Structure formats: C-alpha cells, structure tokens
Amino acid sequence: MSFNEIYEALNLIKQHNKWRRKECINLIASENVTSPLVDSVYLSDAMHRYAEGTPFKRFYQGTRYIDEIEEKTNQVLGELLGAKYVDIRPISGTTANGAAFFALATHGDKAMVLPVFAGSHVSHTRFGILGALGLSEEEMPFNSEEMNIDVDNAIKKIRQIKPKLVILGGTVILFRHPIKELREVTEEVGGYILYDAAHVLGLIAGKQFQDPANEGAHIVTSSTHKTFPGPQGGLAFTNNEEIYKKYKKVIFPVFVSNHHLHRLAATLITAYEMKYFGKEYASTIVKNAKTLAEELHSYGFKVLGEKRGFTETHQVVLNVREFGGGTRVAEHLEKCNIITNKNMIPGDTPEMVRDPSGLRLGVQEMTRMGMNTSEMKYIAELFYSALIKKEPIEDVRSKVVEFRKNFHEVKYTFNIDLNKFSEEYLPIIS
Ligand code: DSN
C-alpha cells in the first residue's frame, strides 16, 4: 500500500489554501470566506444526514436538532432580510432560481431579463434553467451610461409583452434596481418581480442597499456566500404567503431532495455574525468599492458607471479593451496573484463571451480580511503597476504576497478562543 496518492491529493488542496488564502488579492465578486467559527461548525455529523421536508415534518427520523437549527436559521435570516418567509433549502442560487421560475411560471411564458452584459446570471437565460423550463427570454431595456435599467422603456415593454416574470438583480449590479417603479405594471399584466440578490445579500442584511422584499419584489432568490459571507448555498424569501406556499411545494421534491444539512448551522452562525457586525461590514464594503473605483479612475482606467459615482455595491467594473481585453488582463493579473474575472460589458456582442472587454472586481472578501480604504488605494496602485506601468510580473507578485501577509485574519466575527470553545461545543466527529 502506498500513501503517495493521498499525499498528492492533500498537497494539491494545501497548495490551493496557501495560494488563495495567504498570497493572493482575491477580487472575484461572487466569493467570500467564512470565519474560523463557521468553518468549525461546518464540519459536523450533519453532513452525513438526510432531512427531506420541512422542520418537524420530515420523511426521516433522527432530525430533532436539525429541525431546530433549520427553523432558527430561517427565522434569523428573516429578521435580517425583512422577510416573513425564508426557505434555506435551495443548495445554490441557481437552484433557488429554478424553483422560483417553476413555482411562478409555466412552459411558454415570457421572462424579461437583463442582457448578459448588464448582469443576468446564466440561470436567467435560455442557456440555463430558465430555458430548460421552457420560458422565453425577453431583453430588459438597459441604459449603459447609467448602468441601470431603462425604466420608461421597461414599463412600455412589460405592457407590450406581458411577461410572467420580471427578473431584477443579478451578477453585475452597481446601483439599486427599480423594483418600486416596475411593481405596478408587472402586477397589471399578471406577472411577478423576482429579484436575484445573490451578489448583494450581505449589503441588504447590513442595511446598506435596497430592501427588495419590502420594495415590491414578489420573491427574492440568492446564494449565501458572496457579500453575505456564509458557506456556499442558496435561499429564497418573500413577504407573500401565497408565493411562499407555491415555492415550498416546488423546492422539495422538484429541486432538492436533501439540502446539505452541514451548511445550515454554519449559515445560522454567519447570520449571527451579520446581525452583530453586518452594518459595519457592509458599509465598509461599499466605501471600499467606491474608493477602489475612484482610484482606478484617477490612474486612467475606464471605470463603468462614472455618471452615477461608479458604484453603490461591492463591485467595480472596468473596460480593459485597451489592455487586450478581459481574458488577457484577468490572466495577466492572475500571474501577479490578483484574482479577478473577465466579464461582458455594454457594447460587447454575444460572440465576445470568451473574450469580453470587461473585468469585474468585488471587494467583499478583502474587506472581510480587514482591508480599508488605504488598502484599496494600494490595490489600485498595483493595477497601475501591472497594467499601465507594465512592471515585471514577478515584481508585482512579490508586492502582492508581501502586502497580503498583513491580512490573514477574518474580521467581522465573534472574538472566541476556538481551542477552548471547541472542547466544549465542537466535539465534531471522532
Ligand atoms: N457566476 C457567479 C458569479 O460570478 O456571479 C454566480 O453564480
């Protein structure tokens, strides 16, 4: 017997951990890190169990603690998100969307969705679950200068095509979407507003962004691991009992059977972190994003959304065509240990999906690691060094690794001595 295969596997993940957690500036707008406390809770016996159904009404025995955890998770999330009904069972944002589409629309119905360059998620498109369910995709009018929905034309189009779903939110969201403005006309044509809050959930929980469930969205779907810094997962929420009932019937048994139970307690602890630290965390994220955008702009980068002050969220979007396009720039930055992703932006055609002009940045993870506005200024300087000054890759990478050494600890969490805590509370699985 040889342990080489085991060592090889362990080594790969060890290298990943060291690189992404200790040596990189992570600016992927859809990621975040959980706290050590949440990490500890995540690794529990719950990962081995089943609990189909809803709390206290299961198809399996042995769930008495899971029931309490799930009920509490929905309750605390509901308090944070201003929602009467929360369902934590979707295992991802895509699953949450699929269930909502299926609950509220049927094959042949129309859905009005943002163009991909304006932030629609793949699940909102004909290539994803929306198309798989037989819904047709109708393009939402978008004002590229404002980097937001063109409200007047959206109202006209809703009246004209009568969509069953009007999908707001999504993967590029710099400014508040016009939920209130589109609610009346959507109801007039018998449709529903679905707001995909995946990117901005933490900003909503921290009360630093729009409040979709109370501004008029019929249902809000989300993942739980972007600006909301929980384990990977999904959820849906609403203040409408009828819609909740429809959703509940669909999420199980159509879209999940078991809902990955180890993430529930970890999400609950994250919800408590957001209850106590969310306001400060979310306001720092927004301040940091704005600073990064302004600094990049002052170095000469083309930052989108200038007319409206660049951003109100965790995101900054750049047009990097002059540096060779999104693919080339993202790959170059990766060699410098700056992790970003290429993105379509207004003006890009569908054929440009593999080499779009844009780069999307998000500051939520680096904010969670304790960075503030002065660090954002330094990150902008590193972009300048890498892309405008064209410093050698190794020089920029060394600066990044050195800089990151000061930011290894997750902030906005409880100050608990995990060694003492774990003896009593976390006897995990031994
Ligand atoms: N595709 C992800 C994003 O990066 O926004 C969300 O699933």
Side-chain angles (χ1 to χ4, degrees), residues 20 24-34 90-101 113-132 137 140 142 147 167-175 177 194-204 209 212 220-236 255-256 260 263 267 285 289 304-305 311-318 320 326-327 329-331 333-334 338-346 348 350 352-354 356-368:
R20 292 294 303 272
C24 285
I25 295 175
N26 293 313
L27 296 174
I28 302 278
S30 50
E31 297 178 350
N32 211 326
V33 288
T34 44
I91 56 167
S92 68
T94 295
T95 315
N97 280 337
F101 301 161
V113 308
L114 284 154
V116 174
F117 68 73
S120 80
H121 183 251
V122 66
S123 61
H124 307 169
T125 72
R126 61 186 178 281
F127 305 109
I129 186 72
L130 186 109
E137 195 191 318
M140 177 87 74
F142 189 77
M147 279 305 282
I167 302 179
L168 307 179
T171 63
V172 173
I173 178 159
L174 296 174
F175 306 110
H177 278 177
L194 181 151
Y195 185 98
D196 183 335
H199 271 265
V200 289
L201 193 73
L203 307 182
I204 296 167
F209 199 56
V220 185
T221 56
S222 189
S223 54
T224 52
H225 49 265
K226 297 180 171 58
T227 51
F228 186 90
Q232 292 192 339
L235 58 82
F255 284 85
V256 294
H260 300 185
R263 71 187 173 88
T267 306
I285 291 174
L304 271 57
T311 184
E312 285 177 348
T313 68
H314 60 306
Q315 293 184 358
V316 176
V317 183
L318 306 180
V320 291
T327 305
V329 168
E331 286 172 2
L333 289 172
E334 182 186 9
I338 299 174
I339 311 297
T340 62
N341 69 273
K342 58 175 176 274
N343 220 91
M344 307 269 284
I345 55 172
D348 285 348
M352 290 163 75
V353 66
R354 299 233 170 251
S357 307
L359 197 72
R360 187 189 63 171
L361 316 175
V363 301
Q364 69 294 338
E365 181 175 337
M366 291 301 93
T367 304
R368 192 145 211 235

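All figures in this text were calculated on a predicted structure; none of them were measured in a lab. Every number for a ligand or one of its atoms is a count from 1 in the order of the listing. Just so you know, these numbers use all the heavy atoms, side chains as well, and skip hydrogens, waters and symmetry mates.
Considering NE2 of H121 and OG1 of T221, their distance stands at 10.0 Å, rounded to 0.5 Å. Atom CG of L359 and atom CG of N341 lie 7.0 Å apart (nearest 0.5 Å).
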Please lay out, stage by stage, how E365 and R20 fare under the test salt bridge (Lys or Arg N to Asp or Glu O under 4.0 Å).
CA-CA 11 Å; E365 181 175 337; R20 292 294 303 272; 5.1 Å; no

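Sparse packing is recorded around CD of Q232, with 12 or fewer heavy atoms of other residues, nucleotides or ligands lying under 6.0 Å away.
Heavy-atom contacts of H199 reach the following atoms of ligand 1: 3 (C), 5 (O) (cutoff under 4.0 Å). Each of the following atoms of ligand 1 lies closer than 4.0 Å to a heavy atom of K226: 6 (C). Taking a cut-off of under 4.0 Å to the non-hydrogen atoms of R360, the atoms of ligand 1 that pass are 3 (C), 4 (O), 5 (O). The ligand atoms of ligand 1 that sit less than 4.0 angstrom from a heavy atom of T171 are 5 (O).
If you check the side chains of H124 and D196, you find a donor sitting under 3.5 Å from an acceptor.
Of all protein heavy atoms, the one lying nearest to atom 7 (O) of ligand 1 is H121 NE2, 2.9 Å.
Within the 4.0 Å heavy-atom criterion, neither part of H225 lies near ligand 1.
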